4 protein chains.
Amino acid sequence: MTTSIYAREQTALLIVDPYNDFMSEGGKLYAAIKPTADASGLFDNLRKIVPKIRSLGIQVFIVPHHRSCEGDFDGWQHINQFQKAGLPTKAFEVGTWGGEFNPEFGPQKGDVIIKEHWAQSGFANTDLDAQLKQHGIRKIILVGLIANSCIESTARFGMELGYHVTLVPDATAAFSPEGMTAAATNAPMFAHAILKTDELIKALGASAT
Amino acid sequence: MTTSIYAREQTALLIVDPYNDFMSEGGKLYAAIKPTADASGLFDNLRKIVPKIRSLGIQVFIVPHHRSCEGDFDGWQHINQFQKAGLPTKAFEVGTWGGEFNPEFGPQKGDVIIKEHWAQSGFANTDLDAQLKQHGIRKIILVGLIANSCIESTARFGMELGYHVTLVPDATAAFSPEGMTAAATNAPMFAHAILKTDELIKALGASAT
Amino acid sequence: MTTSIYAREQTALLIVDPYNDFMSEGGKLYAAIKPTADASGLFDNLRKIVPKIRSLGIQVFIVPHHRSCEGDFDGWQHINQFQKAGLPTKAFEVGTWGGEFNPEFGPQKGDVIIKEHWAQSGFANTDLDAQLKQHGIRKIILVGLIANSCIESTARFGMELGYHVTLVPDATAAFSPEGMTAAATNAPMFAHAILKTDELIKALGASAT
Amino acid sequence: MTTSIYAREQTALLIVDPYNDFMSEGGKLYAAIKPTADASGLFDNLRKIVPKIRSLGIQVFIVPHHRSCEGDFDGWQHINQFQKAGLPTKAFEVGTWGGEFNPEFGPQKGDVIIKEHWAQSGFANTDLDAQLKQHGIRKIILVGLIANSCIESTARFGMELGYHVTLVPDATAAFSPEGMTAAATNAPMFAHAILKTDELIKALGASAT
């Protein structure tokens, strides 16, 4: 038996924002992330990680961004610049294909779907922390989008809350190479482990032995 | 009367981690931040901002990092890489000069001193949010250290909590130029205003008219 | 001009759990709350408070309980006694009349509908705190159900978060007279104001002058 | 081997507010809690529970109330009635005997001392949640004071956060018999287990087998 690093019943995979608008050709933001996704190998790597996780019986949590709808931010006095700039795009719009989950990386039966987050942290204003505790999770592995926005904020919050946080830089993407660089610069300040996809697969396998 | 942007009674200055170890010559981490502090003009700019804020009667909150002491992290199962690496340094150690507040930028009578934060966000595991609400604060201006660590995490948390967040990049510093660049890349994703010191001074003056 | 206690733009009415199952004849839990609702005058008092609030332009927040659905609590390791006992009832079931809002006390155009809370506090695991801040709210007035459960927990959390909390004991009800007594015993420990409906109406009027 | 209910490494005892002012003869609030403490058997029961917990190696967390000091609540706009009424008492005053921990029920070497809570919930504005996670704790057992104030609020918050919550009504007390009754009425709404001291001792023993 090897040293268990990712005990099955205490580990979760968090798939952040797996919407068609981000992850499917033709999605509103697909072109914006494609260059960094191609460079990191995002989709190929998700195709390695997600099935491996599911085959091991590790719990998957879907951590979805707020989906645009009529009346969004009505009466809000402190809309941030990013939210303001994104308004005309109507990303992940309710009732559109882009606001549906990508069939490959979205939820499957048995996954826990967390309440939508308004901004960047999957923990803020949602039930993510309580759901993780209810499932006995102590270590979270983050994949999906955006490296220096939702992934980074969810990781920063998770660390403060006491979770063990694993980042997988080649299973994420950003709106620019500079975004990827910023995420990489900051990650060692709050992550407990920063693994390449192959390293993660190996660690998961070893933990399961 | 000009348009009021920073209403005196709803605005706060958050001075993050104003310890001797960071801000005073001879401090354990002073040399580490000096290059970027010199480049940004951190100390000169704090000398403009802090007295201006005090003269306007805007409430100052001191947002202090955990101060090292015996037994730190005993029994913690998820110490992050940054905390681990920092252990031998014993930054801001209780009972030492480095763990005392810098006399120029630390608290003065009437300031609110928030509970120490364990990691990077001044909101996490402290009374910052409740204290801001008790004082009627809705807009926070962040200065101090470290740009891509405590400043960025406090800003990210503050935005999620519903505060209007102002960053002042030339009133902060980092452990490397790359840290400053990462902070600058990420800031537009969660900040409501990103101002140079001179722009902030002007906006504060206009608000007070 | 009288002393303003409930400034219009800083005050909110929180209507907690206004579902048909609670508030409409024939609802699954209507009979359970009817004795204490009749004794307190809940419905008559809501008919005074809600229109008054709306006529003054005070913002209404709907604070809804989790609505029962297939798979609820799957995989939860710490379901509490109350949740367990309630499972067969399927209160506020998605897709049923009982899980729809009561037409008289539920949301109207312009109200903010908060994310559903899993247990008792409208703040826990929801966006209530952030939404209140985004709307500039500093004082919350709580009406609806259940006095010693969701109303009390939301009040306790609101106070800790720094809000001014007003309870209106005759605009709530419980599952038993003992529940009403418990709520009344505890209220002075965390509430800032405890008003009868008529006192609230008077205070609102005076504030608006 | 019996079914393990309180696994040693996932269980914590939370001793709430074990100050001399509450727990030692001559303390400012000792007379106020004595009648209900005598009725419940608080001190005798703590003398059974605390040594048993320590002998089993279960982690103890001290959850202390804010200690009165000069300038308390300066500038606070929403002091609650209970805080206001308590101001002249200066309970748990810094620098006085009453603000020191009771030698029998206060911290011992190896205990985790949580940041002081301002009001009633030991989780609010403190590091209790993060510290529990860092120590791998999933079940919390609450003893100490006050039954319907700090104990109840800490229990309500703990449940919402996803912890398994055990109350021990005969190891607490209140300012009045009505306070004890209110706590007893409300407890089944959020607690996962409500045990007498003898039942707890037995369950702990069985878990350790």
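Computed from a predicted structure; not experimentally measured. Letters A, B, ... are given to chains in the order of the sequence lines, protein chains preceding strands, and every chain is numbered from 1.
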Item to check | Residues from residues 158-171 of chain B approaching chain C under 4.5 Å (heavy atoms) | outcome: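 At a heavy-atom separation under 4.5 Å, chain C is reached by B/E160, B/L161, B/G162, B/Y163.
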
Checklist entry - So, for B/R138 and C/H135, which heavy atoms are closest and what is the spacing to 0.1 Å? => result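 Shortest heavy-atom contact: NH2-C, 4.3 Å.
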
Item to check | Separation between NZ of C/K133 and CD1 of B/I137, rounded to the nearest 0.5 Å | outcome: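 The distance works out to 12.5 Å.
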
